Each structure stands twice: as C-alpha cells, then as structure tokens.
Amino acid sequence: VVKMVLDGDNCEGILINPFGPALFLPRQMLEPLSYVRPSSRIYLMEADITKVGADAIVNAANRTLLGGGGVDGAIHRAAGPELLAECRGLHGCNTGEAKVTGAYRLNADCIVHTVGPIYSGSREDAKLLEQCYKNSMDAAWECNCQTVAFPSISTGAYGYPIDKAAKIALRTVQNWLWEHPDSFMDVYFCCFSKADLMEYQNALSYLPDIPPEAE
Ligand code: AR6
C-alpha cells in the first residue's frame, strides 16, 4: 500500500480507520517507511512439524521418496494418501538434494522433501547435510515461500549426532539468509524433544554474529 501511494501522483496519503477515530498518514510520512525492509529470522521451537503452519514444510525423507518412519511417516500420515501418489511421480531423490510437492492436508503451501546422509563419520556427511539445508532453502525460495519449517534432518534413523547436525543446520541457514539479503524468510527449526531443542540452543552460541566477508 505504501508503494502504491508513493508510485501514484494523485494520492495524498493513507487514511487508516476512516469510519472511526481516523488517522491520516501523509505522503511525506510514508516515504521513510518505504525504506524499511523486513528482516529474516530464525526460530527454535519444540514442536511436531505436522502441526506447525508454514509456507514450506521440509521432510527428512529417504531416496525413494515413498515414505518411511519418523518425521517422514508423520508428514505422510498428516498430508494424506495424495502425497504418496504425487511422490511416486518424482522417481526418488539423491542424498543432499530436494524436491517439492503439494502439502495436501498439511497447513502449508508445499512440502520440500530432502534426503539427509546416513551418518558414517566421514567428511562427506557434513557436506551432504549442508546441501540438504541449502537446497531446501533454494526450493522454498523458488516457490515464493516466506516461512519454512525444518525438522532435524538425519538425526533420527540416519544417526547423525544432533550436536554436530544442529551446528550445520543453523550455520547453513544463516549463511543462506546472508547470501540472499533480498529474501524475507522466517525459518522454524522444529525440535521433537526438549533435549533436541537444548542442542539447537547450544548450537546457536557457535554462530558468528556477522557474515564472514564482513569480519
Ligand atoms: N515433528 C518434528 N520432528 C520429528 C517428528 C515430527 N512429527 N517425528 C520425528 N521427528 P527421522 P532421519 C524428529 O528418523 O534421521 C525415515 O524413515 C526425530 O526425533 O525422521 O533423516 C525416512 O523415510 C529426529 O530428531 O529422519 C528415512 O528412511 C528428526 O525428526 C529416514 O527415516 C529426524 O529423524 C530418515 O532419517
């Protein structure tokens, strides 16, 4: 609305609440507002991701994309059988990559399915986990999502130690937000237990406050 007023020649300002105690904001007052940019934020929460409302819900899937246990099973149950039908057409997904489907009965616009690494202790694990978060953020951004909910990828059946995985998750998403300064994304990390949430809170303290190139 602010942009419309400033772009138009004939508009004097915005009248808020015209039928009650009205407030008039003249053009001059609106101009500084047009420079205000909303900022992206990261939230940590203890939550069942299937109950969280977000534009994109990320699923920690397996390479078949045909469902499974853990958060994958919960998402398929909550979304309904149409999700599996759509997933069949995707022909699987490589580890570290991400594919998008509809969200069906979930309170979301889409589901981003990504496949985390099965923890082996090798250096490759961290790279692949990083790719999961990066590619999921890219996919959500391409779908015009402004809120994204992540589970703790790979830290259940795939055995990734949560203290290490939480640091990678937070660092990768923070870097993505820094690399996309024009994006406006709220990112929710949905931890399934208090203990997991504490791991994420602890991992927060390892995050740098400023982007690497600004140091
Ligand atoms: N909401 C949020 N987090 C959850 C939920 C939920 N409803 N349910 C479980 N978690 P996992 P992975 C947490 O095993 O390690 C599946 O069978 C869970 O506590 O779901 O990437 C797939 O089909 C843990 O912290 O995913 C694959 O075969 C985190 O989600 C395989 O498991 C991830 O645990 C993928 O393993």
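Scope of the values below: all heavy atoms of this structure, side chains included, with no hydrogens, waters or symmetry mates. This one's a predicted model, so the numbers in the text were calculated from it and none came from an experiment. Every number for a ligand or one of its atoms is a count from 1 in the order of the listing.
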* Can you list the atoms of ligand 1 that are under 4.0 Å from a heavy atom of Asp72? -> 22 (C), 23 (O)
* Quick one: look up the protein heavy atom nearest atom 21 (O) of ligand 1 and list residue, atom name and how far away it is. => Ser154 N, 2.8 Å
* Taking atom 30 (O) of ligand 1 as the reference point, the nearest protein heavy atom with its distance -> Val71 CB, 3.9 Å
* Asked: Do Tyr200 and Ser152 get their side chains close enough for a donor-acceptor pair, meaning under 3.5 Å?
  -> yes
* Note, Ile153 side chain near Leu129 side chain (heavy atom, < 4.5 Å) -> yes
* Structure fact -> Nearest heavy-atom approach of Ile57 to Ile49 is CD1-O, 3.7 Å
* Asked: Applying a strict 4.0 Å limit to heavy atoms, is Ser193 in contact with ligand 1?
  -> no
* Are Asp186 and Thr147 close enough, and set up right, to give a side-chain hydrogen bond (donor to acceptor under 3.5 Å, both in side chains), and what steps lead you there? -> CA-CA 5 Å; Asp186 279 347; Thr147 48; over 6 Å; no
* Just distances here: any N/O of Cys190 and N/O of ligand 1 closer than 3.5 Å? -> no
* **Sub-4.0 Å atoms of ligand 1 with respect to non-hydrogen atoms of Asn62** => 22 (C), 23 (O), 27 (C), 28 (O)
* Side-chain touch His113/Cys93, heavy atoms, less than 4.5 angstrom -> no
* Enumerated ligand 1 atoms positioned under 4.0 Å from heavy atoms of Ala74 -> 7 (N)
* Just let me know how Ala60 lines up against ligand 1, side chain, backbone, both or neither, with a heavy-atom cut-off below 4.0 Å. => both
* To do: Look at the rings of Tyr160 and Tyr119 and say which category their plane angle falls in: under 30° parallel, 30 to 60° tilted, over 60° perpendicular.
  => tilted
* **Protein contact to atom 33 (C) of ligand 1 [nearest heavy atom, distance to 0.1 Å]** => Ser152 O, 3.2 Å
* Asked: side-chain contact (heavy atoms from CB on, under 4.5 Å) between Leu170 and Leu44: does it pass, once the steps are laid out?
  -> CA-CA 10 Å; Leu170 292 173; Leu44 310 182; 3.9 Å; yes
* To do: Considering the heavy atoms of Gly69, write down every atom of ligand 1 situated less than 4.0 Å from one of them.
  => 16 (C), 17 (O)
* Heavy-atom distances under 4.0 Å are what count here, so tell me which part of Ala47 touches ligand 1: side chain, backbone, both or neither. => backbone
* When you measure from atom 36 (O) of ligand 1 to every protein heavy atom, which one gives the shortest distance, and what is it? -> Tyr158 CG, 3.4 Å
* What residue and heavy atom of the protein are closest to atom 6 (C) of ligand 1, and at what distance? -> Phe192 CE1, 3.3 Å
* **Heavy atom of the protein closest to atom 32 (O) of ligand 1 (residue, atom name, distance)** => Ala157 CB, 3.6 Å
* To do: Give the contacting part of Asp196 toward ligand 1: side chain, backbone, both or neither, where contact means a heavy-atom distance below 4.0 Å.
  => side chain
* Asked: Against heavy atoms of Thr155, which atoms of ligand 1 measure under 4.0 Å?
  -> 15 (O), 24 (C), 25 (O), 29 (C)
* Quick one: which of Gly156, Ala166, Ala61 has a heavy atom closest to atom 15 (O) of ligand 1? -> Gly156
* Structure fact -> Quick note on ligand 1: atoms under 4.0 Å from a heavy atom of Gly68 include exactly 17 (O), 23 (O)
* How far is atom 1 (N) of ligand 1 from its nearest protein heavy atom, and which residue and atom is that? -> Ile49 N, 2.9 Å
* Give the residue and atom name of whichever protein heavy atom lies nearest to atom 7 (N) of ligand 1, and the separation in Å to one decimal. => Asp48 OD1, 2.9 Å
* Test item, Gly116 contacting ligand 1 (heavy atom, 4.0 angstrom) -> no
* Take Tyr133 and Phe150, measure what side-chain contact (heavy atoms from CB on, under 4.5 Å) needs, and give me the verdict at the end. => CA-CA 9 Å; Tyr133 285 97; Phe150 277 101; 3.5 Å; yes
